[in-house]
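Read the structure below first, then the notes.
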Number of protein chains: 4
Amino acid sequence: MPKITESQRETRRQQILDAALRCFSRDGFHNTTTADIVRESGVSQGTLYLYFTTKDDIIVALADDRRHGDALLSALAQSEQDAVDGLGLLLEFYGRSLSDPNRTDSRRVSIQGWAEALRNPAIHASIVGNTAAVRRQIAALIARGQADGQVRADVDPDGVAQTLIATFQGLTLQASLGEVIDLAAIGRTMDGMLLGLLTPAGRAAHA
Amino acid sequence: MPKITESQRETRRQQILDAALRCFSRDGFHNTTTADIVRESGVSQGTLYLYFTTKDDIIVALADDRRHGDALLSALAQSEQDAVDGLGLLLEFYGRSLSDPNRTDSRRVSIQGWAEALRNPAIHASIVGNTAAVRRQIAALIARGQADGQVRADVDPDGVAQTLIATFQGLTLQASLGEVIDLAAIGRTMDGMLLGLLTPAGRAAHA
Amino acid sequence: MPKITESQRETRRQQILDAALRCFSRDGFHNTTTADIVRESGVSQGTLYLYFTTKDDIIVALADDRRHGDALLSALAQSEQDAVDGLGLLLEFYGRSLSDPNRTDSRRVSIQGWAEALRNPAIHASIVGNTAAVRRQIAALIARGQADGQVRADVDPDGVAQTLIATFQGLTLQASLGEVIDLAAIGRTMDGMLLGLLTPAGRAAHA
Amino acid sequence: MPKITESQRETRRQQILDAALRCFSRDGFHNTTTADIVRESGVSQGTLYLYFTTKDDIIVALADDRRHGDALLSALAQSEQDAVDGLGLLLEFYGRSLSDPNRTDSRRVSIQGWAEALRNPAIHASIVGNTAAVRRQIAALIARGQADGQVRADVDPDGVAQTLIATFQGLTLQASLGEVIDLAAIGRTMDGMLLGLLTPAGRAAHA
DNA sequence: TATGAATGAGACTTCATTCAT
DNA sequence: AATGAATGAAGTCTCATTCAT
């Protein structure tokens with residue numbers, strides 16, 4: 001007989017996570033104190049530990065947040081017909097992710113998550129697992145393109161997927177470091193790279 | 001009136017930095033104590049502060065280590081003749097960087113440096129500065145290729161440079177997270193991407 | 001206007017005390033949290049405070065538990081005829097107390113009560129009061145023996161009583177520390193001590 | 001190449017232990033904060049942890065303090081000739097221990113040590129070990145008396161030793177609880193008990 | 001120059017207690 | 001009466017940095 005409903009609990013938990021995200025983004029994980037999160041979230045010190053067992057647990061929870069990756073995956077899944085269209089969707093999705101001002105904190109915290117993943121198995125698993133799902137999906141898309149004859153047979157679908165992901169990880173880093181990301185230019189470049197690589201005649205993308 | 005020579009001092013300093021690199025790689029920056037570095041380096045607690053004013057100063061020094069980037073730059077500079085050859089050199093250099101077991105600690109610490117750069121201006125400047133130099137050099141190489149007619153005129157040299165760097169940053173991350181980096185596969189993929197993008201006819205690389 | 005009967009209330013209270021006794025015995029008073037008692041007793045956190053105003057109040061209640069001392073006193077009171085028989089009864093009673101496996105928790109918590117009594121007046125009063133009653137009763141028994149001529153006139157009844165109690169306190173401690181208590185051997189020793197001390201000719205006990 | 005000598009270190013350590021003893025005696029172990037010990041000892045918070053790894057470690061060190069037990073043992077060892085004299089020495093020694101105002105804190109902390117010993121193996125080992133040594137020595141003394149014909153052959157040396165120790169433990173408790181310890185009366189009682197028990201004719205002690 | 005003992009501010013976490021439901 | 005979520009004060013321990021030797 002719980003005193004609060006599951007949804008109230010979830011709301012409270014999210015309220016803490018949102019506050020933590022802002023704090024971590026602003027000050028970094030290790031320079032954020034639980035007192036900071038408490039102040040930012042409006043809950044009490046004790047309540048924090050009613051929802052998370054540990055400060056580390058909070059980052060893990062942030063890293064585990066599948067909402068973003070899931071959106072990508074389902075976007076990709078929709079493009080079951082055409083591989084090239086699917087890749088276009090992918091570029092678009094990532095492009096938005098890179099520049100969406102609502103995701104600034106998310107991007108900055110991701111980078112801290114990478115650093116933590118080097119020594120925190122839970123975060124490591126979360127990141128690697130999330131990446132692997134996307135990578136499989138992209139590789140499958142390319143393989144489908146090969147089966148359809150849309151994509152050259154001699155490219156390695158998984159290698160391309162891995163490389164694409166790496167590129168977006170690097171761009172995420174650069175965006176967070178304040179490098180200007182000219183989405184149009186990057187988009188053209190990546191379009192050109194992919195189509196040059198994948199299409200039999202190097203036909204222009206979307207053209 | 002220094003009691004030790006400049007070179008003795010430099011040796012000592014490097015000894016501390018080497019120890020710090022091992023510690024940071026193993027435990028992360030924030031989970032490494034100055035006591036750890038002292039233990040690993042063999043110098044005393046007090047001595048540490050004769051060479052670095054602050055623990056943060058040690059990461060800054062590691063981030064500032066230009067030795068690696070400089071090697072890349074000079075390698076690139078040598079290929080003044082042929083843009084395509086220059087890019088080949090670049091891929092080779094980065095490929096080695098990614099897989100060189102002697103650079104494992106370096107790669108891991110780089111990632112932590114990225115996280116620190118978000119809030120430490122000195123590290124930020126160091127990373128961004130280092131990247132910018134490489135990026136300029138690559139863009140120049142491509143522009144030279146365009147001037148020579150080797151490279152398509154409608155590509156954006158800087159966009160390509162930025163993208164390339166991003167990709168290698170992402171691969172560095174993946175390597176440190178334990179993802180298998182199949183250098184041959186990645187190399188073929190990147191070769192294909194670059195040549196598909198850059199060369200007028202999408203001619204095969206090095207073929 | 002109570003919503004539960006007095007006996008329901010008493011049952012509930014005892015249920016909490018029993019749980020607390022197990023917890024305190026296992027983990028010590030200060031390492032037992034109210035949450036532990038809640039878990040062990042099956043009542044809720046809030047309910048605990050309907051029955052006890054404070055965690056300290058729970059130990060006080062346990063220390064105040066007169067059931068054991070009362071049993072001793074009434075046993076002693078029954079032996080109004082013969083002092084030597086009365087002392088025999090006493091040894092028997094204490095011997096059982098020391099070895100009764102049902103009283104293991106009780107003994108362990110007693111020792112913690114001693115430590116608490118040093119700074120908690122209520123517990124102090126409870127322990128000292130309980131001891132004093134027993135001590136008076138024993139001294140009275142001996143004095144009666146002196147009046148009857150059963151016991152040497154030159155012994156100090158109160159000194160003997162105090163010493164006897166001390167011995168049993170020490171044995172309680174030793175039992176709880178895991179020392180083997182050979183009841184037969186201890187019984188013979190104490191029998192010998194008492195009779196050697198008390199009886200005019202040092203006649204053998206119960207012989 | 002230590003900066004302080006072993007003896008300086010030992011002095012500092014003892015200074016902390018002395019302060020801790022006062023604090024524990026006054027407020028109890030669990031109601032003493034490390035801040036209290038720091039205040040009372042005059043060292044800094046950090047220094048405390050240079051000498052003890054843990055707050056628990058401080059009690060263990062206090063329990064481990066063999067100085068008192070050793071004094072008793074060597075006193076007993078001196079009385080190699082006469083068992084009855086040896087026991088007299090023992091009573092005297094314990095009598096002084098019980099009433100020595102310089103040992104008030106020690107006695108109070110002992111009782112807390114008993115409570116801790118129930119769940120702290122190091123303290124348990126310390127107390128039990130210390131007691132065992134004394135017990136062996138007393139039993140040996142009595143056995144020697146039996147060999148000499150001074151002591152009745154039918155008493156159990158170890159049982160007597162254990163009982164004696166128990167009595168003094170109990171008296172320590174009572175003394176700390178504020179019970180008046182009339183040393184003369186207790187001494188006569190114990191003298192009578194021991195001699196009634198041990199001597200063939202129940203001859204008067206020291207008479 | 002080098003040392004390492006000392007410092008003390010501050011972090012994370014626990015837990016007795018309360019109170020709205 | 002009973003519940004259990006919420007509270008926040010407080011405690012232990014760590015660690016970057018200093019400074020007398």
Side-chain angles (χ1 to χ4, degrees), chain A residues 1-5 8-9 12 30-39 42-58, chain B residues 1-5 8-9 12 30-39 42-58, chain C residues 1-5 8-9 12 30-39 42-58, chain D residues 1-5 8-9 12 30-39 42-58:
Chain A
M1 51 217 75
K3 270 269 174 84
I4 58 173
T5 68
Q8 282 174 310
R9 187 175 164 81
R12 205 73 181 285
H30 293 281
N31 288 75
T32 294
T33 67
T34 55
D36 292 334
I37 300 174
V38 159
R39 206 175 304 121
V43 305
S44 73
Q45 198 70 236
T47 300
L48 193 71
Y49 284 86
L50 237 40
Y51 287 83
F52 299 94
T53 61
T54 250
K55 188 186 161 193
D56 262 79
D57 192 25
I58 298 178
Chain B
M1 56 206 74
K3 295 240 176 81
I4 59 172
T5 68
Q8 281 174 313
R9 186 173 168 80
R12 208 74 180 286
H30 292 281
N31 288 74
T32 294
T33 66
T34 56
D36 291 333
I37 301 174
V38 159
R39 207 175 304 120
V43 307
S44 73
Q45 196 78 232
T47 300
L48 195 69
Y49 283 84
L50 291 177
Y51 288 85
F52 299 94
T53 61
T54 242
K55 187 186 163 192
D56 265 77
D57 193 25
I58 298 178
Chain C
M1 55 207 72
K3 295 237 177 82
I4 58 171
T5 68
Q8 281 175 314
R9 186 172 166 80
R12 207 72 180 286
H30 293 281
N31 287 73
T32 294
T33 67
T34 56
D36 291 334
I37 300 174
V38 158
R39 206 174 303 121
V43 306
S44 73
Q45 197 76 233
T47 300
L48 196 68
Y49 283 84
L50 290 177
Y51 288 84
F52 298 94
T53 62
T54 242
K55 187 187 162 191
D56 265 77
D57 192 26
I58 298 177
Chain D
M1 53 217 76
K3 269 267 172 84
I4 59 174
T5 67
Q8 282 174 311
R9 188 174 165 80
R12 206 75 182 282
H30 293 282
N31 289 75
T32 295
T33 68
T34 55
D36 292 334
I37 300 175
V38 158
R39 205 175 305 121
V43 306
S44 73
Q45 196 72 234
T47 299
L48 193 70
Y49 284 86
L50 238 40
Y51 287 84
F52 298 93
T53 60
T54 250
K55 188 187 161 193
D56 262 78
D57 192 25
I58 297 178

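Note that the structure is predicted; figures quoted are calculated from it, not measured. By convention in this document, chain letters (A, B, ...) are assigned in the order of the sequence lines, proteins followed by strands, and residues within each chain are numbered from 1. Any value given below was found using the heavy atoms of this structure, including those in side chains, with hydrogens, waters and symmetry copies removed.
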Item to check | Pairwise 5' ranking along DNA chain F for Y49(B) and D56(D), keeping only the more 5' one | outcome: D56(D)

Checklist outcome for this item: Those residues at least two apart in sequence (or on a different chain) that pass side chain to side chain donor-acceptor pair (under 3.5 Å) with T33(A) are D36(A)

Checklist entry - Base, sugar-phosphate, or nothing: which does T53(D) touch, judged by heavy atoms less than 4.0 Å apart? => result nothing

Next on the checklist: Which helical stems does DNA chain F take part in, if a stem means at least 3 consecutive Watson-Crick or G-U pairs with both distances below 3.5 Å?
Outcome noted: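 Only these stems qualify: E:2-21 with F:2-21.
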
Can you list everything that forms a side chain to side chain contact (heavy atoms under 4.5 Å, CB included) with [X]? Sequence neighbours excluded, please.
X	answer
Q45(D)	T34(D), A35(D), V38(D), Y49(D)
T53(C)	D57(C)
N31(C)	D27(C), H30(D), R119(D)

Checklist entry - Looking only at side-chain N and O atoms, does T54(A) come under 4.0 Å of OP1 or OP2 in dT13(E)? => result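 For T54(A), the contact criterion (side-chain N or O under 4.0 Å from OP1 or OP2 of dT13(E)) is met.
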
Checklist entry - T32(C) and K55(C): which non-hydrogen atoms are nearest, and at how many Å? => result O-NZ, 2.7 Å

Checklist entry - Among the nucleotides dT12(F), dT17(F), dT17(E), which one has an atom lying closest to any side-chain atom of T34(C)? => result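 Out of dT12(F), dT17(F), dT17(E), the nucleotide with an atom closest to T34(C)'s side chain is dT17(E).
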
Checklist entry - Atom CG of N31(B) to atom P of dT14(F): distance rounded to whole Å? => result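 The distance from CG of N31(B) to P of dT14(F) comes to 13 Å, rounded to the nearest Å.
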
Interface polar pairs with nucleotides 6-8 of chain F, N/O, under 3.5 angstrom:
{"from": "dA6(F)", "atom 1": "OP1", "to": "R12(A)", "atom 2": "NH1", "distance (Å)": "2.3"}
{"from": "dA6(F)", "atom 1": "OP2", "to": "Y51(A)", "atom 2": "OH", "distance (Å)": "3.1"}
{"from": "dT7(F)", "atom 1": "OP2", "to": "S44(A)", "atom 2": "N", "distance (Å)": "3.4"}
{"from": "dT7(F)", "atom 1": "OP2", "to": "S44(A)", "atom 2": "OG", "distance (Å)": "3.1"}
{"from": "dT7(F)", "atom 1": "OP2", "to": "T47(A)", "atom 2": "OG1", "distance (Å)": "2.5"}
{"from": "dT7(F)", "atom 1": "O5'", "to": "S44(A)", "atom 2": "OG", "distance (Å)": "3.4"}
{"from": "dG8(F)", "atom 1": "N7", "to": "G46(A)", "atom 2": "N", "distance (Å)": "2.9"}

Checklist outcome for this item: Closest to the 5' end of DNA chain E, once T33(C) and K55(A) are matched to their nearest nucleotides, is K55(A)

